[in-house]
Amino acid sequence: MTPISKEKNQKEQEAMGIYVQVSTTVDAEADAAKIAGALVEKRLAGCVQITPITSIYRWQGKIETAGEWRLCIKTRENLCKEVEQAIAALSSYSVPEVIVTPILGGSKAYLDWLEGEILKK
């Protein structure tokens with residue numbers, strides 16, 4: 001590998017490390033759509049995927065089972081605080097889930113598209 005291609009590869013890997021997926025859940029499909037729409041409209045996310053799930057969890061000492069909607073939010077790490085604030089403001093949950101997972105790799109074309117769709121910060 002030449003010094004130039006090694007430097008380019010390192011920069012590409014550093015850039016990939018700044019992208020994350022944020023996961024949250026809500027109890028209604030309409031709430032999921034509201035949160036997803038707000039995040040994309042404000043350019044806090046390039047894409048939000050919504051899927052129905054069943055969750056089993058302990059809440060206030062009891063084991064609960066509930067149908068929920070999971071949002072998988074694609075964004076940049078430096079926008080996570082604003083994403084979390086938007087989720088808190090729009091979620092009906094008193095303790096909304098906010099889990100951030102780094103994106104360790106991905107197609108260059110997709111990550112370039114994602115970069116073009118979210119806020120520059």
Side-chain angles (χ1 to χ4, degrees):
M1 186 178 285
T2 69
I4 292 172
S5 62
K6 185 176 180 183
E7 182 179 320
K8 181 181 176 196
N9 189 35
Q10 183 177 4
K11 284 182 182 181
E12 285 175 0
Q13 285 188 355
E14 287 170 5
M16 279 192 257
I18 64 173
Y19 300 108
V20 296
Q21 288 189 137
V22 178
S23 173
T24 193
T25 55
V26 294
D27 62 356
E29 185 177 12
D31 289 346
K34 178 174 62 174
I35 292 169
L39 293 172
V40 172
E41 184 178 328
K42 293 177 183 178
R43 293 188 169 271
L44 296 175
C47 174
V48 180
Q49 296 166 318
I50 301 170
T51 52
I53 60 169
T54 300
S55 294
I56 300 172
Y57 55 95
R58 188 177 306 276
W59 181 251
Q60 299 179 340
K62 292 190 243 173
I63 295 178
E64 304 280 345
T65 301
E68 294 185 297
W69 297 86
R70 172 177 288 139
L71 287 79
C72 181
I73 303 155
K74 278 68 163 204
T75 189
R76 198 179 323 101
E77 185 178 24
N78 66 346
L79 296 173
C80 284
K81 194 61 158 171
E82 292 171 75
V83 169
E84 182 177 359
Q85 290 169 347
I87 290 168
L90 296 170
S91 176
S92 64
Y93 287 169
S94 59
V95 182
E97 170 188 343
V98 177
I99 305 290
V100 179
T101 306
I103 295 174
L104 300 177
S107 73
K108 181 175 178 353
Y110 181 82
L111 295 176
D112 287 348
W113 168 83
L114 179 59
E115 182 61 33
E117 297 304 317
I118 52 182
L119 282 176
K120 307 292 183 244
K121 254 185 144 184

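Quick note: numbers below take in every heavy atom, side chains included, and nothing from hydrogens, waters or symmetry partners.
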What's the shortest heavy-atom distance between [X] and [Y], and which atoms?
{"X": "A86", "Y": "L39", "value": "CB-CD2, 3.7 Å"}
{"X": "S91", "Y": "V26", "value": "OG-CG1, 4.3 Å"}
{"X": "C72", "Y": "K74", "value": "SG-NZ, 3.7 Å"}
{"X": "L71", "Y": "A32", "value": "CD2-O, 3.5 Å"}

- Task: Could you list the residues that satisfy ring-ring contact (aromatic ring centres under 6.0 Å, His included) with Y93, not counting sequence neighbours?
- Result: none
Excluding sequence neighbours, so at least two apart, what forms side chain to side chain contact (heavy atoms under 4.5 Å, CB included) with [X]?
{"X": "S92", "answer": "D27, D31"}
{"X": "D112", "answer": "K108"}
{"X": "R43", "answer": "E117, L119"}

- Item | Hydrophobic cluster of I53, others only, ordered by chain and residue number, side-chain cut-off 4.5 Å | none
- Query: Any ring pair (Phe, Tyr, Trp, His ring centres under 6.0 Å) pairs touching residues 97-116, not counting sequence neighbours?
  - Reply: Y110-W113
- Query: Got a sec, which pairs hit ring pair (Phe, Tyr, Trp, His ring centres under 6.0 Å) with one end in residues 42-79, sequence neighbours left out?
  - Reply: none
- Can you name the side-chain hydrogen bond (donor to acceptor under 3.5 Å, both in side chains) partners of E82, sequence neighbours left out? K121
- Message: Once side-chain hydrogen bond (donor to acceptor under 3.5 Å, both in side chains) is applied, do any residues pair with E84, and if so which ones, sequence neighbours excluded?
- Response: none
Is there a side-chain contact between [X] and [Y] (heavy atoms, below 4.5 Å)?
{"X": "I87", "Y": "I73", "result": "yes"}
{"X": "V20", "Y": "C80", "result": "yes"}
{"X": "I56", "Y": "I63", "result": "yes"}
{"X": "L44", "Y": "I118", "result": "no"}

- Task: Using the test salt bridge (Lys or Arg N to Asp or Glu O under 4.0 Å), find all partners of E29 that sit at least two apart in sequence or belong to another chain.
- Result: none
- Task: Mind jotting down which residue pairs meet the salt bridge (Lys or Arg N to Asp or Glu O under 4.0 Å) criterion with at least one end in residues 60-71? Sequence neighbours excluded, please.
- Result: none
- Item | Steps toward side-chain contact (heavy atoms from CB on, under 4.5 Å) verdict (Y19, L114) | CA-CA 9 Å; Y19 300 108; L114 179 59; 3.6 Å; yes
Let me check something: any side-chain donor-acceptor pairs from residues 95-106 under 3.5 Å, sequence neighbours excluded? List them with distances.
unit_1: E97; atom_1: OE1; unit_2: T25; atom_2: OG1; d: 3.4
unit_1: E97; atom_1: OE2; unit_2: S23; atom_2: OG; d: 3.1

